[in-house]
Amino acid sequence: MDNNFWQSQTLYDNGTATLSVPLGKYSIEGSLYSADPAGGAISYAADLFDVPNIEVSDRDQTFTVDGTTATDLSVKIKGENRPLENGQVTTFIVRDDGTANGHSNFSGIGNLLNLADTRQGAIPSAGATNGALRLETSLARREPLVQLEVTGPGHVTIPLKSSVNAKRFEGTKHTELVDLGAGTEQDFAGTDVKGKTVLVSVADVTKADDQAIRAAAAGAVAMIVAPVVPGPSGSGVPAGQTIPVAHATYDNAATLKGLLAKDKVRIALKGVLESGYTYNPHFTDDRIPADLAKSVDVKAFAKVTNTFHSDGARRLGAENMAIWGPLQVSTGSVGQPLYQGTTRDDYFLAGTGVTYQPSVSADFNSSSAWRMNGQRATYLTPGKSYTRSWFDAPMRLSQYEFGPCVFCRTDVWQNLPGSNGADNDPTHTLSGLTGTWSFYLNGQPITGFGQLAQEKADYRYVLDQKLTKDVPGVTLGRQMRTEWNFSQAAPTTMAIKDCDTAFIPTPKVCESMPVLLLDYDLPLNVLNQAQAGLPYTFTVNAARPKGWAGSTAVAGAKVSVSYDDGATWKEAKVLRKDSNSFQALLRHPKLADTNGYVTLKTEAWDAGGSRTTQTITRAYALK
């Protein structure tokens with residue numbers, strides 16, 4: 001704690017580490033992982049610990065971290081009567097000198113408690129006698145994907161864990177429950193399971209794929225997996241299963257087996273395609289308290305209704321929710337499976353200075369390939385409602401710029417948009433596209449900023465974007481081409497505020513390029529589809545880039561559509577809405593007369609000769 005030096009160690013089983021250190025003040029932060037005592041594949045617990053006040057001096061000292069005193073993190077949402085399960089959990093210990101910009105060390109753990117029974121918490125600690133110690137904890141609470149209720153004999157509710165790749169279903173299955181032991185071929189051979197739910201107990205709950213295949217082949221409607229010996233349960237069924245698979249604890253499975261030993265058991269198995277509601281509370285403590293049970297009232301949250309669009313069919317993607325406490329600098333998150341083509345109400349703690357930043361990926365197994373990042377947000381007012389959408393077609397070039405201008409030119413550089421994509425939220429940025437720029441001066445290709453003319457000249461800038469690599473479930477917006485045509489002389493004034501302080505090298509003059517930027521408002525369903533065989537109307541907006549101070553008026557626009565990826569085109573009727581917005585009116589052909597997609601080509605121009613043409617291959621789908 002006397003300087004910024006830190007060192008990390010990893011110990012296994014009964015390992016020992018010996019360090020030689022100078023005299024001074026020290027703090028030890030760490031994480032402790034406990035294996036399942038029965039040898040199962042799921043960790044029993046993950047706990048943080050802290051020894052905050054160590055002064056290495058001229059005498060022997062002993063400090064002990066007692067793992068038996070660890071407590072589990074839990075959160076009660078007061079006033080919420082709907083079913084809830086634990087979701088993403090992150091715990092961080094932060095140790096710093098107590099200043100806003102000082103050096104800090106932290107140790108953290110993240111898990112998905114909706115997928116496994118691992119217990120997560122911390123071992124109580126003292127407070128810090130020098131500097132600052134904070135425990136930052138976040139535990140999401142969410143609607144369970146699968147719920148089981150015994151409907152006869154009696155009524156017993158059994159919580160279940162979801163499985164990442166198992167088949168999801170919507171609605172309630174009323175079935176008979178059958179215990180098939182280990183689920184071997186012999187177990188199935190002698191039992192009629194058609195139309196029933198199968199309960200199996202296995203040594204490794206992450207490897208129940210053979211049992212799931214047998215259950216489906218025998219006509220079962222669902223399968224529940226439990227460990228054969230006491231210990232934590234968790235998911236691991238691979239993709240491609242044709243029946244839903246859920247996981248129960250050893251104790252809950254024993255309860256079901258006890259009922260089955262007496263009589264036939266009827267159950268109601270309720271499923272949802274995606275959680276319809278989540279809560280995302282965050283807490284800060286100035287030490288690790290003796291009890292990590294938290295409680296927060298439902299009225300303390302702001303509500304965000306999120307719609308997660310998909311491309312023609314639902315897909316399994318991922319969501320990362322990074323959360324920062326008011327003084328927290330570093331954080332982390334765990335990718336939560338997210339079934340897209342759904343809508344969800346998310347509740348965020350408001351008025352406490354907690355900051356949230358979501359990101360959504362189209363594929364769970366390659367979360368960085370087609371990923372939409374949102375901005376950090378702090379919700380100020382409890383009870384306030386917002387609406388947001390993700391992957392809302394068409395995918396288009398991101399127009400968002402953090403600096404003072406985009407499409408601007410100075411005496412030492414020009415600023416152009418990156419190759420990121422976006423959806424209908426201008427603050428979203430989509431990674432997964434590669435972009436290639438081409439530049440033309442008076443019709444001739446040029447290669448760099450140094451070739452721009454000082455006198456007024458005609459320019460054509462072209463950006464070709466395409467999907468970097470194939471991503472399962474992504475069929476829309478994989479290829480875009482945008483051309484900007486405009487005339488401009490070298491800048492002579494500092495026309496854009498803060499242009500001379502926001503970028504390096506510092507310019508003496510800075511002016512915006514007179515380009516037009518295109519944006520769209522398409523009425524599509526949650527699968528980014530429009531109805532084939534019917535009239536269709538959407539809006540095209542032609543705006544100026546950030547930093548532009550001149551007229552925003554647009555002289556005209558043209559919209560064409562293609563149903564064969566651009567081989568042939570049909571022009572839409574265009575009506576003006578206002579000075580820079582237009583309505584495109586067309587009639588989609590029957591689905592059989594198309595390839596199932598609409599490729600969109602849009603042109604807009606102004607009175608000064610600027611013209612932008614943008615082609616989005618497979619901008620949206622038809623149904």
- Working to the nearest 0.5 Å, report the span between CG of D2 and CZ of F5. 13.0 Å

- Message: Test your reading of the model: is there a side-chain donor-acceptor pair from D498 to the backbone of T501, 3.5 Å cut-off?
- Response: no

- Any side-chain donor-acceptor pair under 3.5 Å between S125 and R287? no

- After noting the C-alpha distance and the side-chain angles of E274 and R168, does the key distance pass the salt bridge (Lys or Arg N to Asp or Glu O under 4.0 Å) rule? CA-CA 8 Å; E274 180 54 56; R168 298 193 183 191; 2.8 Å; yes

- Message: Please determine whether side chain to side chain donor-acceptor pair (under 3.5 Å) holds for the pair T129 and N53, giving the CA-CA distance in whole Å, both sets of side-chain angles, and the decisive distance to 0.1 Å.
- Response: CA-CA 6 Å; T129 56; N53 306 310; 2.9 Å; yes

- Message: If only side-chain N and O atoms count, and only distance matters, is there a donor-acceptor pair under 3.5 Å linking T184 with D187?
- Response: yes

- Query: Taking it one step at a time, do L135 and L48 satisfy side-chain contact (heavy atoms from CB on, under 4.5 Å)?
  - Reply: CA-CA 9 Å; L135 175 67; L48 292 178; 4.1 Å; yes

- Are a donor atom and an acceptor atom from the side chains of Q336 and N114 found within less than 3.5 Å of each other? yes

- Any donor and acceptor pair, going by atom type alone, linking the side chain of Q211 with main-chain N or O of A182 inside 3.5 Å? yes

- Got a second to check how far T331's OG1 is from I323's CD1, nearest 0.5 Å? 7.0 Å

- Message: Assess the residue pair E149 and T157 against the criterion (side chain to side chain donor-acceptor pair (under 3.5 Å)); give the C-alpha distance rounded to whole Å, side-chain angles, the decisive distance to 0.1 Å, and a yes or no.
- Response: CA-CA 4 Å; E149 183 181 358; T157 300; 4.9 Å; no

- Item | Ring-face cation of R82 near Y277 (centre distance under 6.0 Å, axis angle within 45°) | yes

Atom pairs and distances, side-chain donor-acceptor, residues 7-16, under 3.5 Å, sequence neighbours left out:
unit_1	atom_1	unit_2	atom_2	d
Q7	NE2	Q9	OE1	2.9

- Query: Would you find a donor on one side and an acceptor on the other, under 3.5 Å apart, between the side chain of N111 and the backbone of V89?
  - Reply: no

- Item | Derivation of the side-chain contact (heavy atoms from CB on, under 4.5 Å) call for L199 and K257 | CA-CA 9 Å; L199 172 64; K257 290 177 182 181; 4.0 Å; yes

- Is it true that the side chains of S398 and N420 contain a donor and an acceptor less than 3.5 Å apart? no

- Query: Side-chain donor-acceptor pair under 3.5 Å between S27 and R95, yes or no?
  - Reply: yes

- Item | Between CG on residue N365 and CG on residue D363, distance to nearest 0.5 Å | 5.5 Å

- Query: Using the benzene-type ring in the case of Trp, are the ring centres of H428 and W390 under 6.0 Å apart?
  - Reply: yes

Counting only pairs under 3.5 Å, give me each side-chain donor-acceptor contact of residues 293-302, with atom names and distances, residues two or more places apart or in other chains.
unit_1	atom_1	unit_2	atom_2	d
K294	NZ	D285	OD1	3.2
K294	NZ	D285	OD2	2.7
D297	OD1	K299	N	2.8

- Message: Side chains of D425 and T427 only: does a donor on one sit below 3.5 Å from an acceptor on the other?
- Response: yes

- Task: May I ask you to decide if M321's main-chain N or O and Q88's side chain share a donor-acceptor pair within less than 3.5 Å?
- Result: yes

- Message: Side chains of S275 and L145, heavy atoms from C-beta outward: is any pair under 4.5 Å?
- Response: yes

- Item | Main-chain N/O of L327 paired with R134 side-chain donor or acceptor, under 3.5 Å | yes

- Query: In Å and rounded to the nearest 0.5 Å, what is the OG1 to CG distance from T206 to L115?
  - Reply: 12.5 Å

- Between E55 and Y26, do the side chains contain an N or O donor and an N or O acceptor separated by less than 3.5 Å? no

- Does any donor atom in the side chain of T249 or K161 lie under 3.5 Å from an acceptor atom in the other side chain? no

- Message: Nearest 0.5 Å, please: how far is CG in L180 from OG in S201?
- Response: 10.0 Å

- Could you give me the CA-CA distance, side-chain angles and deciding distance for L316 and V164, then say whether side-chain contact (heavy atoms from CB on, under 4.5 Å) is met? CA-CA 9 Å; L316 181 65; V164 175; 4.1 Å; yes

- Message: Within the structure provided, determine whether H282 and L139 are in side-chain contact (heavy-atom separation under 4.5 Å).
- Response: no

- Working for side-chain contact (heavy atoms from CB on, under 4.5 Å), residues I109 and T90: CA-CA 6 Å; I109 304 174; T90 57; over 6 Å; no

- When every non-hydrogen atom of P337 is compared with those of F364, the smallest separation belongs to CG-CE1, 3.6 Å

- Okay, side chain of D117, backbone of P232: is any donor-acceptor separation there less than 3.5 Å? no

- Item | Ring centers of Y379, Y386 separated by less than 6.0 Å | yes

- Message: Taking P505's backbone N and O only, do any of them form a donor-acceptor pair with W413's side chain (distance below 3.5 Å, no angle check)?
- Response: yes

- Query: Counting N and O atoms only, with roles assigned by atom type, does the side chain of S233 sit under 3.5 Å from a partner on the main chain of A226, one being a donor and the other an acceptor?
  - Reply: no

- Contacts of E85 meeting salt bridge (charged side-chain N to carboxylate O under 4.0 Å, His left out) (sequence neighbours excluded), chain-then-number -> R142

- Item | Side chains of N105 and D96 in contact at under 4.5 Å (non-hydrogen atoms) | no

- Task: Show the numbers, then the answer: is there a side chain to side chain donor-acceptor pair (under 3.5 Å) between S74 and D72?
- Result: CA-CA 6 Å; S74 65; D72 297 338; over 6 Å; no

- Task: For residues F169 and I243, determine if any side-chain heavy atom of one lies less than 4.5 Å from a side-chain heavy atom of the other.
- Result: no

- Does a donor on one side chain sit under 3.5 Å from an acceptor on the other, for S235 and H247? no

- Tell me yes or no: between the side chains of Q340 and H309, is some donor less than 3.5 Å from an acceptor? no

- Message: According to side chain to side chain donor-acceptor pair (under 3.5 Å), does anything in residues 32-51 pair up with another residue at least two apart or in another chain? List the pairs.
- Response: Y44-R119

- Task: Quick one: closest heavy-atom pair of D500 and T506, and the distance?
- Result: O-CG2, 3.1 Å

- Closest non-hydrogen atom pair, W370 against L433: CZ3-CD2, 3.7 Å

- Residue pairs passing the salt bridge (charged side-chain N to carboxylate O under 4.0 Å, His left out) test where at least one lies in residues 326-349, sequence neighbours excluded: K303-D345, E319-R344, R344-D346

- Item | Criterion side chain to side chain contact (heavy atoms under 4.5 Å, CB included) against I288, the qualifying member of I123, I93, T137 | I93

- Message: Could you check whether E143 and T278, counting side-chain N and O atoms only, form a donor-acceptor pair closer than 3.5 Å?
- Response: no

- Item | Backbone of A46 reached by a side-chain donor or acceptor of Q120 within 3.5 Å | no

- Message: Quick check against the 3.5 Å criterion: does T355 have a side-chain atom that pairs as donor or acceptor with the backbone of T378?
- Response: no

- Check the side chains of T64 and D66 for a donor-acceptor pair under 3.5 angstrom, ignoring hydrogens and angles. no

- Query: If you measure from CG on D423 to OG1 on T429, what distance do you get to the nearest 0.5 Å?
  - Reply: 9.5 Å

- Item | ring-ring contact (aromatic ring centres under 6.0 Å, His included) partners of F106, counting only residues at least two apart | F92

